Chemist: 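Mind looking over this structure? Questions follow.
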Amino acid sequence: MTTDWHHMLRVFGRIGLLSFGGPAAQIAVMHRELVEERAWLTEAQFLRALSFCMLLPGPEAMQLATYAGWRQRGIPGGLLAGGLFVLPGAVVIGVLALVYGTYGQLPVVQAVFVGVQATVVIIVLGAMRKLIAKALNGPVAYALALASFLALFAFALPFPLVIAGAALIGAISLSTDQVTATQRPRFAGLGAILMIGGAVWATPLVTAYLAGNTFLFDIGLYFSKLAVVTFGGAYAVLAYMAQTVVQDYGWITTTQMMDGLGLAETTPGPLILVTQMVAMLAGLGIQGTGQAILAGTMALWVTFVPCFIWIFAGAPLIDWLASQPRLQAALSGITAAVVGVIANLSLWFAFHVFFAEVRLVSLPPVSLSWPVIGTFQIVPVLLALIAAGLMWGRGWSLLLVLAINAGLGLILHLAGLL
């Protein structure tokens, strides 16, 4: 039964406003709203769609919301549902980026963010712990996780190459339950969606190029490439993103990267909204508020337009794709590799939070970041231990622990200890 637009606006607007806590919490909210309370999706439809979204690059929760809207009202419904999932967080991130860019260098603000950064280390470690329990279920999976960690940490191999290699090894090596396809694939309209979607995706890039705005074009091109390789969620690409935007482009500092992640953790919507934060801070540093808003908008566009394309192109194929064992095995390989990717990210964050100086050590073919031991900082370590105790030991919420550690950073600053 087709749902009226007002009802869809109300339901998906509420989902967008309540989408705190990462994909697990967001998916739970959608299950309650769409399966349990309204029966807009059956349990089987919800699970098949979720499995499909996990195959795709990009935030699976946002893509699942887009699929649910597509089921109700086709492409316009998908645009409404996916847009409402992203919009509240994008507005909040935009405001926070401008405020942080203006006041973030004040000592008192930096002290607050010491507590936030320490908590971020524990957040990423927690994500890795959960993924280990779910993804590593055999020697091949453990080997893929270890290999992906070493490839990134010790040999600085490109992230897309690591993901592609893991998918290939997974498809060849990992066993899956053989299932029979439930229907033939439906490719009608696929070409038109890809062509029109690709043109929409590229429009702001072409516009920036023709206008001679090199910075805006670089932002769009970089985050377009990132959108294609964001398998495994935002945590999986953060280390790669941090390396490129900090070291290669010099758009922001490592501290700003970590602060941006901390702020993104406190907002509704997908964590990949950190791309908007990074783009806006880069724009502020180059040409001020106007360029920051344009850069943030560009990052949002090229990050999320592909998500709509994947769903509108692939939704009619969901039942068929869910029955392809090799595709599922490739996804398992990627998921195993993401454990190693997040381990690399955890170590990278910990080095930069717990030590005042981190240097690049190069002894070909090994090239890695390593802290200067004499610059060890005890306060961030203590704040990280507090965060771990409150979240892992007592089960306190992420937002509450972030607020507590930010407050402790402020208190220590006022006491002259930070």
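Side chains are part of it too, since the values below use all heavy atoms of this structure and drop only hydrogens, waters and symmetry mates. This one's a predicted model, so the numbers in the text were calculated from it and none came from an experiment.
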Chemist: Check the pair Phe149 / Val341 against side-chain contact (heavy atoms from CB on, under 4.5 Å), numbers first and verdict last.
Modeler: CA-CA 6 Å; Phe149 169 76; Val341 173; over 6 Å; no
Chemist: OG1/Thr66 to CZ/Phe308 distance, rounded to the nearest 0.5 angstrom?
Modeler: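 With rounding to 0.5 Å, OG1 (Thr66) is 4.5 Å from CZ (Phe308).
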Chemist: Once you round to the nearest 0.5 Å, how far does OH of Tyr142 lie from CD1 of Ile132?
Modeler: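 Reported value, rounded in 0.5 Å steps: 7.0 Å.
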Chemist: Would you name the heavy atoms of Gly115 and Leu383 that are closest together and state the gap between them?
Modeler: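 Looks like CA-CD1, 3.8 Å.
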Chemist: Nearest 0.5 angstrom please: Met391 CE to Leu402 CG, how far?
Modeler: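 Taking CE in Met391 and CG in Leu402, the distance rounds to 7.0 Å.
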Chemist: Check the pair Leu226, Phe223 against side-chain contact (heavy atoms from CB on, under 4.5 Å), reporting the backbone distance first and the verdict last.
Modeler: CA-CA 5 Å; Leu226 202 69; Phe223 286 114; 3.8 Å; yes
Chemist: With sequence neighbours excluded, tell me which residues meet ring-ring contact (aromatic ring centres under 6.0 Å, His included) with Tyr249.
Modeler: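 If we apply the ring-ring contact (aromatic ring centres under 6.0 Å, His included) test to Tyr249, skipping adjacent residues, the hits are Tyr222, Trp251.
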Chemist: Passes side-chain contact (heavy atoms from CB on, under 4.5 Å), Leu64 versus Phe85? Steps please.
Modeler: CA-CA 10 Å; Leu64 182 60; Phe85 191 88; over 6 Å; no
Chemist: Show the nearest heavy-atom pair for residues Ala242 and Met257, with the distance to one decimal.
Modeler: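 Result for this residue pair: CB-CG, 3.8 Å.
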Chemist: Measure the spacing between CG of Leu96 and CG of Leu273 and express it to the nearest 0.5 Å.
Modeler: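 Here the interatomic distance stands at 11.0 Å.
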Chemist: Over all heavy atoms of both residues, which pair between Leu408 and Ile386 is shortest? Give the atoms and the distance, please.
Modeler: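 That closest heavy-atom pairing would be CD1-CD1, 3.9 Å.
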Chemist: How many angstroms lie between atom CG of Leu84 and atom CG of Leu79, to the nearest 0.5 angstrom?
Modeler: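 The distance works out to 10.5 Å.
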Chemist: Which pairs, with at least one residue in residues 252-299 and sequence neighbours excluded, count as a ring pair (Phe, Tyr, Trp, His ring centres under 6.0 Å)?
Modeler: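 Sorted pair list comes back empty.
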Chemist: Using the salt bridge (charged side-chain N to carboxylate O under 4.0 Å, His left out) criterion, which residues pair with Arg32? Sequence neighbours excluded.
Modeler: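 Arg32 satisfies salt bridge (charged side-chain N to carboxylate O under 4.0 Å, His left out) with Glu37 once adjacent residues are dropped.
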Chemist: Is there any side-chain hydrogen bond (donor to acceptor under 3.5 Å, both in side chains) pair reaching into residues 96-111, and which pairs are they, with sequence neighbours excluded?
Modeler: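 Matches after skipping sequence neighbours: Tyr100-Asp259, Gln105-Gln110.
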Chemist: For a quick test of reading the model, state the closest non-hydrogen atom pair linking Ala282 to Ile252 and the distance between them.
Modeler: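 Heavy atoms only, the tightest pair is N-CG2, 3.9 Å.
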Chemist: Can you list everything that forms a ring-ring contact (aromatic ring centres under 6.0 Å, His included) with Phe12? Sequence neighbours excluded, please.
Modeler: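 For Phe12, the residues satisfying ring-ring contact (aromatic ring centres under 6.0 Å, His included) (neighbours in sequence not counted) are Trp40.
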Chemist: Please state whether the rings of Phe355 and Phe351 are parallel, tilted or perpendicular, taking 30° and 60° as the class boundaries.
Modeler: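 Perpendicular: the ring planes of Phe355 and Phe351 meet at over 60°.
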Chemist: Could you walk me through whether Met128 and Leu125 pass the side-chain contact (heavy atoms from CB on, under 4.5 Å) check?
Modeler: CA-CA 5 Å; Met128 185 178 68; Leu125 284 173; 3.9 Å; yes
Chemist: Minimum heavy-atom separation for Ser224 and Trp201, please, with both atom names.
Modeler: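 The answer is OG-NE1, 3.4 Å.
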Chemist: Return the CG to CH2 distance between Leu194 and Trp310, rounded to the nearest 0.5 Å.
Modeler: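 The CG atom of Leu194 sits 8.0 Å away from the CH2 atom of Trp310.
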Chemist: Are Trp301 and Thr203 close enough that some pair of their side-chain heavy atoms sits under 4.5 Å apart?
Modeler: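 They are not in contact (no side-chain heavy atoms under 4.5 Å apart), so the answer is no.
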Chemist: Could you report the tightest heavy-atom contact between Leu418 and Ala111, atom names first, then the distance?
Modeler: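 The pair with the smallest heavy-atom distance is CD2-O, 3.9 Å.
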Chemist: Show me the pairs that pass salt bridge (charged side-chain N to carboxylate O under 4.0 Å, His left out) and involve residues 5-16, at least two apart or across chains.
Modeler: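 Of all non-adjacent pairs touching residues 5-16, those that pass salt bridge (charged side-chain N to carboxylate O under 4.0 Å, His left out) are Arg14-Glu33.
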Chemist: Heavy-atom distance under 4.5 Å between the side chains of Leu17 and Pro268, does that happen here?
Modeler: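 Counting from C-beta outward, Leu17 and Pro268 never come under 4.5 Å.
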